[in-house]
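Note sheet for the following structure.
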Amino acid sequence: MNKNPILLLLITTALVLGLVSMQAEDGLHRRASDIYAHYLQRWDTLVSQTHALQLALQQPSPNRAQVQSLHLVARLTYKEVAWIATYIDPEYQADYINGAPLPKLERNFSQVNALSPKGFQPLEEQLFEEVYTAEVLEEARQLSHELQLSVKEFGKFNPQRKWHDYMVVEALRHGLVRFATLDLVGFDVPASGAQLRELQAAWKGMENGFLVFSKGLSGQNGQKAQQLKKLFAQGSTKLSAEHDFDQIDRLFYLRQLVNPLFAGLLDLQKGLGLPHATDLQPVKTAFNFKANNLFANDILNPYYYTQMVPEVANEAIVSLGRLLFFDPVLSSTNERACASCHQPEKGFTDGLLKSLATGFNGTVQRNAPTLLNSVYSPRFFWDMRVQMLENQFAHVVVSEQEFNTSVMEVMERLSQSDEYRALFNSVFPSFGNNAINQYTINTALAAYVASLRGFNSPFDRYVRGETAHIAPEVKQGFNLFMGKALCGTCHFAPSFGGIVPPLYQEQESEVLGVPAQAQAPYTLDPDKGRGAGLPKEQHPIYYNAFKTVTVRNTALTAPYMHNGVYQTLEEVVEFYHQGGGAGLGLEVPNQTLPFDSLSLSAAEKKALVAFMRSLTDTSGLTQRPMRLPAMNHNMAINERKIGGLY
């Protein structure tokens, strides 16, 4: 037996420290289990509440006040536990329990099959109708029955799920994203006017979960937990004092409460030595839960939306992609480049209603959208017909109105340049003598477009706390955007585009009823948009639907809408203010935009524009190549213009 006293002391110390560590970890696991046990109880309560609502609606003449009250009670219970439920299975929640009250196509279905909306939101719309007609009652009863079944079905699998300590922290951060981007904008409270009570329930649910989780933490972790408790308590106090949902200072909640909690929970997770879900099961995710701010530059993962990995999208491939982007040799006439329609100085648009077609033969079908931050989307083009960034180029190449050539011809042209061959061989050495091919061209262009990103606008820097001041009009505009004006219910923070939080995996389109002309008499623009895009989406629910694009850098990208009908942001705001196409008097049977006026004052409209202008950021993104590679075997085109002639 070893008698070395120093060695024995080290061994004893190590055993004691290991035991303490195990006890602390066991304590965390127990607290995580306690939180989940409470969640299970509350979900069972939700099952009972939705059943009571269903029974009340089955009465021959349901009591209006009673069913509305039962619905609200169930909603508040759901909001209390939503931070866990949506973390467990966000798709199920969105499809069957708390999805938007809009029809959509069945997920991964090969045929065109529209699903009616299900869950709390469409049910709420029926329960708060002015008159309970036979049709309204029948719809409400059916929705209530389906909701009860879905809640009960989800509850069956709850006890089978394992709940770990790291999940508590990540679910809380997940819930904070929901709170800031969905709850604060009233995204899922379409008719009842109960937004404030639901906000309070959502916040209280997270606060209670954290109080249980942080119980008994000591040392530095205990100090961190105390700071987070204070922030949660401050939020509860402030929410209890709110009286008007439209007047909530959303910027205060985001900057002073949500972002500090989001960062503090991450710090606590590190301090406790807890893993991230992506550490345990490495998968690409769109939202980066290792970021410390909802408006951090790395909050969204561009590589989720592409086939690339960070190692591939290096500076060399981006530089090659930039050359290709500005080189008109890709077009049949050697006069048109990607940059013809996406000019850096105009926010990577061209300032035209619709881009010019090759040979000045009219125009292309739609307005050129910005490429800045366009990588943050799982769907591309206005009609959302392309599902991967790398696949965009092929559509442009073969279009008679755009490049009017073929991928094979582009490959042949590039191969005639010693410089291009050397560049491709250097960037893609594994392809040997075949480095110029469809994959490498697509990848280089995609890498360049993916590099055109950044959340460094004046507003971003203020929200991150990097600057102390921003104009009061911008603050007011943000609060309107995320509140009364309803912009944030479709243009979701932080991208302010149509990718849906908190996972940012799904791209929304909207039917706005965009007119063909900016002045009366109005007619509906005939472009069917998404309804004429992918064959499996050619369904009436998508007629006149277009991708919800980002409003970042929108100060640079006039004119606006898919057809360029509006020349100024003020005109765009007025269009939404009046209620879209239906508000203008057009017949738009499937319009997803609310029809009624937003009741905005002139000052409020001005503030909205000021906020959108504060999202301008092109720093480091507008560099053009100094020269284009020489074409050895076709010297006549070596004087081609960088970015194209037109």
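Note that the coordinates shown come from a computational prediction; the quantities given were computed from them, not determined experimentally. No hydrogens, no waters, no symmetry mates; every other heavy atom, side chains included, goes into these values.
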Does the pair Phe348 and Thr618 meet the rule for a side-chain contact (heavy atoms from CB on, under 4.5 Å), with working shown?
CA-CA 10 Å; Phe348 287 88; Thr618 62; over 6 Å; no
Is there a side-chain contact (heavy atoms from CB on, under 4.5 Å) between Asn373 and Leu300? Walk through the geometry before answering.
CA-CA 10 Å; Asn373 293 307; Leu300 297 176; over 6 Å; no
Check the pair Ile541, Leu102 against side-chain contact (heavy atoms from CB on, under 4.5 Å), reporting the backbone distance first and the verdict last.
CA-CA 9 Å; Ile541 66 170; Leu102 298 170; over 6 Å; no
Please lay out, stage by stage, how Lys346 and Thr557 fare under the test side-chain contact (heavy atoms from CB on, under 4.5 Å).
CA-CA 6 Å; Lys346 297 177 180 177; Thr557 61; over 6 Å; no
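Ring-plane geometry between His562 and Trp382 is classed as perpendicular, the angle between the planes exceeding 60 degrees on a 0 to 90 degree scale with a lower cut at 30. His164 and Tyr166 have parallel rings, their planes meeting at less than 30° on a 0 to 90° scale where 60° marks the start of perpendicular. By the 30° and 60° cut-offs, the orientation of the rings of Phe232 relative to Phe210 is tilted. Relative orientation of the His174 and Tyr87 rings is perpendicular, given thresholds of 30° and 60° on the angle between their planes. Ring pair Phe496/Phe478 is perpendicular by interplanar angle, where above 60° counts as perpendicular and below 30° as parallel. Relative orientation of the Phe381 and His395 rings is tilted, given thresholds of 30° and 60° on the angle between their planes. Classified by interplanar angle (parallel below 30°, tilted 30° to 60°, perpendicular above 60°), the ring pair Phe455/Tyr376 is tilted.
A cation-pi arrangement is present between Arg161 and Phe154 under the rule of less than 6.0 angstrom and at most 45 degrees off the ring axis. Geometrically, Arg250 engages Phe245 in a cation-pi contact defined by less than 6.0 Å to the ring centre and at most 45° from the axis.
Remark: Glu170 does not engage Arg173 in a salt bridge, criterion side-chain N to carboxylate O under 4.0 Å. Salt bridge Asp188/Arg75: present, at least one basic N to carboxylate O contact under 4.0 Å.
For the residue pair Gln307 and Tyr439, no side-chain donor N or O sits within less than 3.5 Å of a side-chain acceptor on the partner. No hydrogens or angles considered: nothing links the side chains of Arg464 and Asn259 as a donor-acceptor pair under 3.5 Å. Using modelled atom types and a 3.5 Å distance limit, the side chains of Gln93 and Thr86 yield no donor-acceptor pair.
Looking at His491, its side chain never comes within 3.5 Å of a backbone N or O of Met482 through a donor-acceptor pair. Asn288 places a side-chain N or O within donor-acceptor distance of the main-chain N or O of Asp298, the cut-off being under 3.5 Å. In this structure a side-chain-to-backbone donor-acceptor pair under 3.5 Å is present from Thr616 to Arg613. Of the possible polar contacts, one joining the Thr550 side chain to the Ser495 backbone as a donor-acceptor pair under 3.5 Å is found. Counting only distance, with no hydrogens or angles, the side chain of Thr77 and the backbone of Leu46 share no donor-acceptor pair below 3.5 Å. Between the side chain of Lys284 and the main chain of Thr306, a donor-acceptor pair closer than 3.5 Å is present. A donor-acceptor pair under 3.5 Å links the side-chain atoms of Asp617 to the main chain of Asn456, judged by distance alone. Proximity of a side-chain donor or acceptor of Asn544 to a complementary backbone N or O of Val514 within less than 3.5 Å is not detected. Under the 3.5 Å distance criterion, the side-chain polar atoms of Gln121 are matched with a main-chain donor or acceptor of Asn98. Of the possible polar contacts, none joining the Gln195 side chain to the Phe187 backbone as a donor-acceptor pair under 3.5 Å is found.
Looking at every heavy atom in both residues, Glu124 comes nearest to Val189 through OE2-C, 3.4 Å. Contact detail for Ile470 and Val474: the closest heavy-atom pair is CD1-CG1, 3.7 Å. In terms of heavy atoms, Leu147 sits closest to Ile97 at CD1-O, 4.0 Å. The two atoms that bring Ala171 and Trp163 nearest to each other are CB-CH2, 4.1 Å, heavy atoms only. Among all heavy-atom pairs drawn from Val463 and Asn293, the shortest one is O-ND2, 4.1 Å. The shortest non-hydrogen separation linking Ser150 to Tyr92 is O-OH, 3.2 Å.
Surrounding CD of Gln200 are more than 12 heavy atoms belonging to other residues, nucleotides or ligands, all under 6.0 Å away. Open room surrounds NZ on Lys528; 12 or fewer heavy atoms of other groups in view lie less than 6.0 Å from it. By the neighbour-count criterion of 12 heavy atoms within 6.0 Å, atom OH of Tyr462 is densely surrounded, having more than that number from other residues, nucleotides or ligands. Environment of CD in Glu315: crowded, with over 12 heavy atoms of neighbouring residues, nucleotides or ligands closer than 6.0 Å.
The distance from the CG atom of Asn314 to the OG atom of Ser451 is 11.5 Å, given to the nearest 0.5 Å. In this structure, Phe325 CZ and Cys338 SG are separated by 5.5 Å, a value rounded to the nearest 0.5 Å.
Between Leu593 and Tyr576 there is a side-chain heavy-atom pair separated by less than 4.5 Å. Side-chain contact between Thr443 and Met308 is present, with heavy atoms from C-beta onward closer than 4.5 Å.
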